[in-house]
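The structure under discussion appears below in the form of structure tokens.
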Amino acid sequence: MKIVGIQSSPRGKNSNTLKLLDAALDGAAEAGADIESIDVAKLKIKYCTACNSCHDTGVCSIKDDYKGVLEKLLAADGIIWSSPNYITNVTAQLKTLFDRSPLVIHEQLFDGKYSLSLTTAGSDELDFVLDIMDNFMIHCGGSTIGGVGCSVAWGPQAIETAIEESRIMGRDLVEAIKERRKYPEQEAVHEAWRERFKYVVLANKDHWTHNCDYWIEKGWIKQ
Ligand SMILES: Cc1cc2nc3c(=O)[nH]c(=O)nc-3n(C[C@H](O)[C@H](O)[C@H](O)COP(=O)(O)O)c2cc1C
């Protein structure tokens with residue numbers, strides 16, 4: 001079983017959020033997973049240009065480090081998203097990765113994968129930032145087991161507690177994957193989204209060729 005952790009703070013090894021990510025990956029490894037950490041802040045990932053070629057061909061037209069990251073995410077059973085709170089949002093580095101992933105959403109390429117989200121903040125809005133990462137995962141067809149957030153304003157003991165919680169959640173991510181854990185409320189979101197989005201794919205069938213063929217192959221559009 002493979003678990004990939006995404007780091008997105010530009011502060012490298014000094015990152016508070018990285019402490020949570022490292023603990024979660026350690027927990028996953030203790031539970032038997034093969035782990036890998038990717039620091040997207042150190043990679044060259046350009047902005048999406050909205051060329052739509054991924055929907056037509058199944059391949060992003062921009063040549064940079066995104067392709068390698070996507071391949072690793074697609075090969076993973078579980079993903080650990082992590083970001084500090086930057087202006088009540090994820091970092092620009094993580095948002096850029098999300099924006100490059102419309103194909104993953106349109107074709108629900110994280111179907112069957114599970115995730116965990118981690119954040120730290122200077123003050124608060126932890127749940128808001130965790131929800132951004134969780135919602136991205138659910139919109140990609142995957143499931144989230146939840147997250148851990150910690151404010152540095154709560155002091156060093158709170159960070160230690162969050163590190164321990166992240167380790168436990170990392171272990172639980174592996175268990176969720178092993179038992180194919182069900183989250184009915186997330187499955188309801190998947191189903192409702194596919195029902196709505198079917199009409200968007202059909203409306204664009206002439207230029208979203210890859211999307212349309214994929215939906216027919218999956219049986220999400222009946223011919
Ligand atoms: C550009 C920037 C924006 C930030 N915005 C917020 C914010 O809106 N709310 C908050 O509570 N903390 C905010 N912070 C504080 C960070 O979330 C906090 O220091 C976090 O622990 C940094 O994580 P890192 O060490 O992993 O980079 C911001 C920090 C930076 C540099």
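All values derive from a computational prediction rather than experimental measurement. For ligands, and for the atoms within them, numbers begin at 1 and follow the listed sequence.
The closest approach between any non-hydrogen atom of Arg11 and ligand 1 is below 4.0 Å.
Taking atom 27 (O) of ligand 1 as the reference point, the nearest protein heavy-atom neighbour is Ser9 OG, 2.6 Å. In this structure, the protein non-hydrogen atom closest to atom 22 (C) of ligand 1 is Pro84 CB, 3.6 Å. Nearest to atom 29 (C) of ligand 1 among the protein's heavy atoms is Tyr86 CE1, 3.7 Å.
Residue contact check: Thr120 has heavy atoms under 4.0 Å from atoms 17 (O), 20 (C), 21 (O), 22 (C), 23 (O) of ligand 1. Of all the atoms in ligand 1, the ones that sit under 4.0 Å from a non-hydrogen atom of Ile87 are 3 (C), 4 (C), 5 (N), 6 (C), 7 (C), 8 (O). Per-residue contacts place Ser123 under 4.0 angstrom from the following atoms of ligand 1 (heavy atoms of the residue considered): 10 (C), 11 (O), 12 (N). The atoms of ligand 1 that sit less than 4.0 Å from any heavy atom of Thr17 are 23 (O), 24 (P), 26 (O).
Asp65 has no carboxylate O lying under 4.0 Å from a charged side-chain N of Lys42, or vice versa, which leaves the two without a salt bridge.
In terms of polar-atom proximity, Gly122 is counted as a contact of ligand 1, with an N or O under 3.5 Å from an N or O of the ligand.
Summarising the local packing, NZ of Lys2 is surrounded by more than 12 heavy atoms from other residues, nucleotides or ligands at distances under 6.0 Å.
Residues satisfying the side-chain hydrogen bond (donor to acceptor under 3.5 Å, both in side chains) criterion with His190, sequence neighbours excluded, are absent altogether.
Tyr66 and Ser101 share a side-chain donor-acceptor pair at under 3.5 Å. Donor-acceptor pairing under 3.5 Å is recorded for the side chains of Asn204 and His207. For the 3.5 Å distance criterion, the side chains of Asn16 and Thr120 fail to qualify, holding no donor opposite an acceptor.
Comparing heavy-atom distances from atom 9 (N) of ligand 1 across Asn85, Ile159, Asp124 singles out Asn85 as nearest.
Pairing each heavy atom of Leu118 with each of Ala24, the nearest pair is CD1-CB, 4.0 Å.
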